[in-house]
Amino acid sequence: MRLLIRNVRLLDARGERGPGDVYVVEGRISFTPAPVDEVVEGEGRYLVPGFLDLHAHLREPGQEAKEDLASGLLAAAKGGYTDVVSMPNTLPPVDAPEAVAALRERGRALGLARLHVAAALTLGQEGKRITEAALLKAAGAVLLTDDGRTNEDAGVLALGLVQAGAWGLPVAVHAEDASLRGNGVMNQGALSEELGLPGNPPEAESARIARDLEVLRYALRQAKGRPRLHVQHLSTRRGVELLREAKRAGLPVTAEATPHHLTLTEERLRSLDPLYKVAPPLRTEEDREALLEGLLDGTVDAVATDHAPHTQAEKEMDLLRAPFGIPSLEVAFPLLYTELYVKRGLPLARLVELFTDGPRRVLGLPPLHLEEGAEASLALIDPAPKRVEPSRFASKARYSPWAGWVLEGWPVLTLVEGRVVHRVV
Amino acid sequence: MRHLLDFQGWSRKEVEDLFETARLMQEVLARPVKKVPALQGFTVATVFFEPSTRTRISFELAARRMSADVVSFSAASSSLEKGESYKDTLLTLEAMGVDAYVIRADAAGVPHQATRWVRGAVINGGDGRRAHPTQALLDAFTLLEALGSLEGRKIAIVGDILHSRVARSNAELLPLLGAEVWCAGPPTLLPERLPNVRLTPDLEEALKEADAVMALRLQKERMAAGLLPSLPEYVALYQITEERLRKAKPHAVLLHPGPMNRDVEVEGTLADSERSLVNRQVQNGVAVRMAVLYHLLVGRKA
Ligand SMILES: [Zn+2]
């Protein structure tokens, strides 16, 4: 199908241009007028490269009551995402090449947002024996991680970094020290003491990041230069500082932050609602400010959702038993567009970079810009305000900490290589 | 008030009104026929996801003394892990026409969640480490009886403060009535900070010039978890003895939420002495819970 998006503002990580007319022909961007099948009005809207989420829990196989590829990838498309990396902590975990290939095949057949598969770093995500990095890469895995579990054994992580590095795969880590975090269900501090809830201290994160950076140095020495470490869902001020120092020292390390850590704090737990139970936990306003600084100065490379859907019944358990996780694929961009750009003045191009070129760099993909001949994987963003209504989510998780918030910057059209995967215009 | 979850948002006046009612209930309990028709036609459910015979009996007696119908539900939290849910349990009771729910659970927040699901009044019968408001009310009521007023009084709470909902609720309520609260216990069993409370590992400092001492129950699991080196050490440092109580004011009284580990938290002879208000606490518990039920069920209709 040939499409014309008329009079639209063009926005990518390099900045804003236009307004102008954008043609989508044969799955590519063109600025040359041509006959089209359909015209979409772009006036007052932004056209941006499609977003890439580095961190989504799509729950397939094994926990389809929470989410499956169809609901998860549609939720992603509605959120302006053209590309999603699925985490391997499924039932069973994705730790074998056949599992990676099967998932990719299912994803392709659905024809929604594109699925990229992260595989486990260790067999069964048990932290003991590393997986077959070369075969996983050949089957199409883009990243290795034991996310959802913490890598306690430094020796195994070092081996994994060397092995994955040899095949060009980054290793992502859920940076929490299991013995320090204990059975904590929220940030440890004055508030957890007041509420009488077991706390997870910020040092559980920073102690682990400090160790992992040393393991990375060691792996670099062993493998002479290829390993890359990616720190997932950064949540603490100290964690940001450690990453900043490491980057300054030239270590091949990247980091992501989530929409919830960027917009919510532990204060939400005053409601004693398990909706806000997430790992790592919501932290303090000071930590949140440090994350925002990290976004601005490049310490944080990407916004990643950590979209973690659960069933309603599970989230209505008590705070000790309810599972960790917040779903956010559908609201991530409007949320940060509103909270960080509209309200806080974060430069718009930087915001877009955090959803596009930033995460692409983590995976070693080239930047995606709005240029003649570039792949037409795009999102059309409408600044008109709209209320967050979880009952209308495509995700099976129809609850949200942002329910009722009025947000601007909603994706109204998402194209993958020129194919419409979501539209409300 | 619509529910009793904790003391967030409570005023001193509200507590005093409640105690006024509790005093009337005490009179009822002193009569030969200890029953009034105040809650006839109402149904009170005790919903215990964590066992506690004492608290449950106290609530059930309080409801029956006012002629309410009482039903009780108890389930080990282990059966909840097998897929039963708090919500379903409560909605089932709601469908049967329950007006008030006394909810106890091992996790903080369950009574708060319940208020989102049921229309009836919810009373927190103890949730995790968070709160045990009726225990704090009966403690404060008992202290008022013994001391006349709590204005400027120093109250020392001693023991495992970190895991204690009794300590947390008292730390919210007693300052509201003008008292100065000190919490003393082993450093590993003290929280980092609690609002309106002085925290110290030094028992003597907490007891000095105190008007009352509340010893908390020590759970044996704390030792298994490595939070306490040994029981003898705890006894040596934190047991309330007659000797130690001399640091406090001459009239100082002793409280304990029960059940007491004799000769662990409190020296046995002191527990049986006239200074101990432990039995008085249990008695007052019924009157105070009657007052709470009355305010929630009759007060909310008015
Ligand atoms: Zn994680």
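Chain identifiers are assigned alphabetically (A, B, ...) following the order of the sequence lines, protein sequences preceding nucleic acid strands; residue numbering begins at 1 within each chain.
The CG atom of Leu272(A) lies 8.0 Å from the CG atom of Asp6(B); values are rounded to the nearest 0.5 Å. Going from atom CD of Glu194(A) over to atom CD of Glu192(B) covers 12.5 Å, rounded to the nearest 0.5 Å.
Interface remark: Leu162(B) contributes side-chain atoms only to the contact with chain A (heavy atom separation under 4.5 Å). Residue Arg116(B) touches chain A through its side chain alone, counting heavy-atom pairs closer than 4.5 Å. Of the atoms belonging to Glu172(B), not a single heavy atom falls under 4.5 Å from chain A.
Contact check for Glu316(A) versus Ser85(B): no side-chain heavy atoms found under the 4.5 Å cut-off. The shortest distance between side-chain heavy atoms of Arg321(A) and Asp106(B) falls below 4.5 Å.
Residues of residues 183-190 of chain A lying within less than 4.5 angstrom of chain B, judged on heavy atoms, are Gly189(A), Ala190(A) in numerical order. Below 4.5 Å, heavy atoms of chain A meet heavy atoms from Arg129(B), Arg130(B), all part of residues 123-132 of chain B.
Residues Ala107(B) and Leu319(A) share a closest heavy-atom pair of CB-N, 4.5 Å. Scanning both residues, Gly196(A) and Ala108(B), for their nearest heavy atoms gives O-CB, 4.4 Å.
Per-residue counts of heavy-atom pairs under 4.5 Å with chain B were compared for Gly199(A), Ser192(A), Pro274(A); the largest is that of Pro274(A).
Under the 3.5 Å distance criterion, the side-chain polar atoms of Gln113(B) are matched with a main-chain donor or acceptor of Met317(A).
The pair Glu193(A)-Arg193(B) fails the salt-bridge criterion, with no side-chain N (NZ, NE, NH1 or NH2) lying under 4.0 Å from an Asp/Glu carboxylate O.
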